[in-house]
Amino acid sequence: MDLQEKRMEATRKVRYMAETLADLDETRPKYHFHGPAQWGDDPSGFAFYKGYYHMMYGSNPDSYKVGSGMPYRTPNNRWSPEEPEYFDSVALWGHARSKDMIHWEHMPYVCYPDIENDEYFIWWGCTQVNDQGVPVIIYTSLGRRRGPAEGAQQRMLIGGDDDLLNWVHYENNPIMTNDIHGEQFIYQWRDPFIFRSEGKAYMVLGGKLGEEEGGDCVVLLYEAENGEFTKWKYKGIFFKYPEDVRKSMECPLVARLNNKWVLIVSPHGPVEYFAGDIDFSAGEFHWETKGFVDRGRAFYAPNLVYDDKGRCIMFAAVEGFKDTKGWNGVQCVPRELSLSEDGVLIQKVPKEYEALKAKEYILRNGTEVELDKATFEIKAQLNVDEELEISIEYGENKVSCWYKNGIFCIGEKEIQAKSLDGKVKLQLYFDISAMDTLMNETESLVLIVPPCTGSCKVTGKALNSNTVVWLWQYDGENLFSYYEDK
């Protein structure tokens, strides 16, 4: 079979797994984006093109086991087919599109790895329209004998239609190897992301300046030398991670928000952001403020895009589900990003999500509401000196969220969230086994919770009897369909 036939075979295989197993698993979230079946993770190549949000995400068409997103990483962390326990599989990008970030149409897989040229693993990357008006994907490529520590290459796919259905491997791949850095070798070099400034295209990648654990984790900057994005020039070390040593610096993103540049990184821990300015002549990012994009471990490897409304929209992988059947992994509830005057990242759920609201309830002090489906949104606003407790009970499980004395507690995690207007705001999105919580729109925590496959009881209690908690039951049915080639 050629690569096109392998791609379509993988697409059919995953749809069959969805219809016979994954779609029957009641523990799977309903309105959080997910692929049809099997393993799904990072939102690689998230794009907005000709009226559609295109979600391209890491996928293994052969397995949904935990860890199958890295098919050549063995238990002793060696990437080698000689290892007895390596996953004999490939990793590629799933694809879906949507006009509203709610209703998604599953598309065929983006492209099959270029096996003949030692590529088995299409890793994280980005989708952009180059200066010639052609959609391109630039991604980190790995092979059976090219692991991430020393063997990564940056390769390109070229698109050829308005639906982003058809992609081909660039004939002169790779477009970048470690040789671009001259005598300096970058370890763990991966995850390209393209952004623009004053008519020029730039790319950032994560990496590490030393092979050993003590090496500096960095983000590196490159500038496009042609309009096709096939030639790049290394500008230098863009950013050094200022905290404790990490394994690597993954999935760097750069966005322009409120006249500042924001860098988002996934440093093998909670995802962080840094806000400041870029000295393009020196190729350096100078940060002034920093914080967390999300405080948990389930949220990782976000990607972002600007849509036709000028909004900066972000998704991220949600991982860590257990005992799933035919699937593993979803994306977080989408976020619209902005920056406060004092450099704090603001996250809001896009207005499109209001269309999911099927029924409204008002929770006053001590009110209990029984919901027959665990797909809902909770919203509350109160004064900083007031208290609030929300509980979600089902079976033997109870998920609690409370606010008191300037502190939020979500599950077992306590978080202090900066208020931008002197009010306390809580937004909670519960979806069977995933829960996104936004606190004052300045802090986020995504949790994987014990699955609620039946009814649940929601209770709201406030110190001030005038505090109102809104509860909306969501309609999470029929949100996903399949592209049918006409």
Side-chain angles (χ1 to χ4, degrees), residues 1 3-46 53-72 87-98 101-113 120-124 164-165 167 298 300-301 303 315-333 374-375 431-434 448 451 453 476-485:
M1 287 189 289
L3 294 183
Q4 173 67 8
E5 291 170 331
K6 289 181 178 180
R7 166 201 176 213
M8 296 310 296
E9 180 189 46
T11 299
R12 290 189 293 269
K13 184 191 306 182
V14 167
R15 181 166 179 175
Y16 176 79
M17 177 64 77
E19 294 172 344
T20 59
L21 189 59
D23 290 346
L24 306 179
D25 187 354
E26 295 181 345
T27 70
R28 190 183 205 181
K30 293 286 190 179
Y31 61 85
H32 283 70
F33 173 82
H34 52 261
Q38 304 289 43
W39 178 268
D41 54 25
D42 308 348
S44 303
F46 180 43
Y53 299 91
H54 287 265
M55 177 65 72
M56 302 178 189
Y57 55 94
S59 173
N60 183 334
D62 299 311
S63 177
Y64 61 90
K65 295 180 180 179
V66 174
S68 56
M70 296 184 177
Y72 294 104
F87 291 98
D88 188 9
S89 184
V90 295
L92 52 158
W93 283 9
H95 182 196
R97 67 179 182 180
S98 173
M101 295 178 280
I102 297 173
H103 300 88
W104 292 92
E105 185 179 20
H106 292 305
M107 313 288 277
Y109 273 110
V110 172
C111 196
Y112 206 81
Y120 286 76
F121 203 159
I122 296 179
W123 219 353
W124 202 93
L164 301 186
L165 275 170
W167 298 87
Y300 201 69
N303 210 327
F315 279 88
V318 180
E319 301 176 16
F321 297 92
K322 298 179 180 179
D323 301 321
T324 61
K325 297 177 181 179
W327 68 277
N328 206 311
V330 302
Q331 305 292 328
C332 73
V333 169
T375 52
D431 188 7
I432 308 294
S433 54
I448 293 172
T453 59
E477 302 300 321
N478 303 315
L479 301 182
F480 295 87
S481 61
Y482 289 90
Y483 174 84
E484 302 295 346
D485 190 358

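Any value given below was found using the heavy atoms of this structure, including those in side chains, with hydrogens, waters and symmetry copies removed. Numbering of residues begins at 1 and proceeds along the displayed sequence.
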Side chains of [X] and [Y] in contact at under 4.5 Å (non-hydrogen atoms):
X      : Y      : result
Leu3   : Cys111 : no
Trp327 : Thr27  : yes
Ser98  : Met55  : no
Thr11  : Met107 : no

Closest approach of [X] and [Y], non-hydrogen atoms and distance?
X     : Y      : answer
Trp39 : Lys65  : CE3-O, 3.5 Å
His32 : Gln331 : CD2-O, 3.1 Å
Gly94 : Val110 : O-CG2, 4.0 Å
Lys30 : Gly476 : CB-O, 3.6 Å
Met17 : Ala37  : CG-CB, 3.7 Å
Ala91 : Pro113 : O-CG, 3.8 Å

**Q.** Centroid separation Phe33 to Tyr57 less than 6.0 Å
**A.** yes
Residues two or more places apart in sequence or in another chain: which of them pass salt bridge (Lys or Arg N to Asp or Glu O under 4.0 Å) with [X]?
X     : answer
Arg97 : Glu105, Asp163
Lys13 : Asp62
Lys6  : none

With [X], which residues qualify under ring pair (Phe, Tyr, Trp, His ring centres under 6.0 Å), at least two apart?
X      : result
His34  : Phe480
Tyr300 : none
Tyr31  : Tyr474
Tyr109 : none

How would you list, by chain and number, every residue that makes a side-chain contact (heavy atoms from CB on, under 4.5 Å) with [X], sequence neighbours excluded?
X      : result
Leu24  : none
Ser44  : Asp42, Trp93, Trp124
Ile448 : Ala298, Val318, Phe321
Tyr482 : Arg15, Ala18, Pro36, His106, Glu484

In this structure, CZ of Phe46 is separated from OH of Tyr53 (nearest 0.5 Å) by 7.0 Å
dist His95:NE2 -> Trp167:CH2 (nearest 0.5 Å) comes out at 8.0 Å
Does Asn303 reach the main-chain N or O of Pro43 with its side chain, forming a donor-acceptor pair under 3.5 Å?
yes
Between the side chain of Asp25 and the main-chain N/O of Lys325, is any donor-acceptor distance below 3.5 Å?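 Such a contact is found between Asp25 side chain and Lys325 backbone.
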Next item on the list: Applying side-chain contact (heavy atoms from CB on, under 4.5 Å), run through Gln38 and Asn60 and close with a yes or a no.
Entry: CA-CA 6 Å; Gln38 304 289 43; Asn60 183 334; 5.8 Å; no
Side chain to side chain donor-acceptor pair (under 3.5 Å) filter on Thr20, not counting sequence neighbours, yields none
